[in-house]
Number of protein chains: 2
Amino acid sequence: MKNKKSIKIENIHPGLSVDCVLFGFDNNELKILLLKLKSIEKWALPGGFVEKDKDVSEGTNSVLKERIGLENIFLKQFYLFGNVSRNENSHTKLLIEHKIISEDLREWFQQRFVTVGYYALVEYSKVKETTVDFISESCEWHSINELPEMILDHKKIILKAHQTLKKELNSEPIGLNLLPKQFTMPELQALYETVLEKKLDRRNFSRKMLNYRILIATNQRRAGVRHKAPKLYEFDEIKYNQAILDGFNSVW
Amino acid sequence: MKNKKSIKIENIHPGLSVDCVLFGFDNNELKILLLKLKSIEKWALPGGFVEKDKDVSEGTNSVLKERIGLENIFLKQFYLFGNVSRNENSHTKLLIEHKIISEDLREWFQQRFVTVGYYALVEYSKVKETTVDFISESCEWHSINELPEMILDHKKIILKAHQTLKKELNSEPIGLNLLPKQFTMPELQALYETVLEKKLDRRNFSRKMLNYRILIATNQRRAGVRHKAPKLYEFDEIKYNQAILDGFNSVW
DNA sequence: TTATATTTGTGTCATATTAACACAATGACA
DNA sequence: TGTCATTGTGTTAATATGACACAAATATAA
């Protein structure tokens, strides 16, 4: 476990937090990294505060580095959650009762917060171990389809992140960042189907994907399956990024 | 001129502002409402602060209502500008020197701010008069192609708003909110060309638009032009909104 | 009154894309 | 050697797109 940093209130931007929806793709499911809180039977998104002399995006990068030990993760801001109603102090009260945070921080924790939502994409298998923060007792992946009870508006934040992912599937390098270096066409399709929450025709999907010219077919196959071994592909990163700039399928 | 409200610091969310890129469409140009500051030869986006007990979006609505006297304007949050480098106090210093804000507010104004960018769409002709805020001396429309010198990162904010508009042309009711109730096909095309910053083929544009089935052809024509009078159309709002939900041209 | 200049409305055609299908090939395992 | 699930590839009809051409309308000039 890492050293716990104590919060130095005077260096923190007031009333502002960041929350990070970290997506991984495993077992044909979208998974999200969540923290189990110490004082209550609820889970939370990994999040944190922003130092006064740091960019907001840096704050989010720090959160990711602390939780999963990885840097240079794909990260994108998607929304500022700024409704008054999202603030609710029952959790803070419990934290103080359980002496997880000290009484003199009560006022600071109970101020009204707005939070910046970021989504992050990581190759699931690269996350070897996770670490908790000072108010949490465990940190685990959860399927987006089976989310546990969550604090505040965190479920809403996840929903919005998923909607954003859907919208940006053709304008951000989502496949590139969620899949391992090599993958099969069915795996790529499964990712698309999971993000889009709908079934796609296998044959049309393959043709369309190949027509984008962003895939490199290796001459290897995924062995060990009890049926025809599928080809392994890699992304052509240069062409992928160019396609994103040009718009995969620009309407106009 | 409206009554100037004085800022009550204790009721304001600290370190948080909103800035609003209000788009209008006039003379085949995208125009943006800007404020000329009192103390320096620079312009600024209409903006403001968020009261502690108000949603962030309410803060932005208030800004719009105060500047143009209109409510229920289409409004969409598009980005939180949270870099440290965007903060710069030379302007605050001038405001204090010119006694536009009082010395005791110096510290509050010089704290590090993050700002939430909203874009708003309004039918240009509905804006009859504009009003300034307490640090500004005039409030005028400017073509997005001929922006004056602006404070802080406001030019960057406008650029990002325009990029967002481009992206969302097929997923937000942009035509509906920028054009008057009745408009001609060439006017609609001009709007698209302005937002997209590229020329479109007149005949293909018309066909494609009509195929969306979101237009109602009236049996009137725009008279007084020195050539063939173009048909007037209206949007079918129900179908327009449905098309947005379904995705005009969903790729997958 | 007629001609002119300009812009609108509509159509064509070749090509590309999409949706909905069918069937042969592969490879672990029984 | 046969079975079974899955992969790889192909066909076809319908639809959409991009690049064009030409006739109709209308204020203004001649």
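So that the names make sense, note that chain A is the first sequence line, chain B the second, and so on, each numbered from 1.
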If the condition is side-chain contact (heavy atoms from CB on, under 4.5 Å), which residues does [X] pass it with, not counting sequence neighbours?
X	answer
A:Gln189	A:Glu193, A:Leu200, A:Arg202, A:Phe205
B:Ser57	B:Asp55, B:Tyr118
B:Pro180	B:Glu123
B:Glu172	A:Lys167, B:Phe74, B:Lys76, B:Tyr119, B:Glu168, B:Ile174

Could you tell me the separation between the [atom1] atom of [X] and the [atom2] atom of [N], rounded to a whole number of Å?
X	N	atom1	atom2	value
A:Arg221	C:dG27	CZ	P	7 Å
B:Lys231	C:dT8	NZ	C1'	10 Å
B:Arg226	C:dA3	CZ	P	18 Å
A:His227	C:dA30	NE2	C1'	17 Å
B:Glu187	C:dT7	CD	C1'	13 Å

Worksheet item: Does any pair with a residue in residues 145-159 of chain A pass side-chain hydrogen bond (donor to acceptor under 3.5 Å, both in side chains), and if so which ones, sequence neighbours excluded?
Response: A:Arg86-A:Asp153

Side chain to side chain donor-acceptor pair (under 3.5 Å) with [X]: which residues, sequence neighbours excluded?
X	value
B:Gln163	none
B:Glu140	none
A:Arg213	none

Fill in: Test item: side-chain donor near acceptor, A:Asn27 and A:Tyr124, under 3.5 Å
no

Item to complete: Measure the angle between the two terminal helix axes of the helix from C:dT1-D:dA30 to C:dA30-D:dT1, five base pairs each, and quote it to 10°.
Response: 10°

Practice prompt. Could you list where the contact with chain A starts and ends along DNA chain D, reading 5' to 3', using a 4.0 Å heavy-atom cut-off?
Written response: D:dA5 to D:dG10

Worksheet entry | Cation-aromatic face contact B:Lys166/A:Trp252, 6.0 Å, 45 degrees | no

Output side-chain donor-acceptor pairs under 3.5 Å for residues 231-239 of chain A, partner residues at least two apart or in another chain, one line each.
{"from": "A:Glu234", "atom 1": "OE2", "to": "A:Gln182", "atom 2": "NE2", "distance (Å)": "2.8"}
{"from": "A:Asp236", "atom 1": "OD1", "to": "A:Ile238", "atom 2": "N", "distance (Å)": "3.3"}
{"from": "A:Asp236", "atom 1": "OD1", "to": "A:Lys239", "atom 2": "N", "distance (Å)": "3.2"}

Practice prompt. Can you check each nucleotide of nucleotides 16-25 of chain C against protein heavy atoms at under 4.0 Å and return B for base, S for sugar-phosphate only, - for none, in 5' to 3' order?
Written response: --BBBBB--B

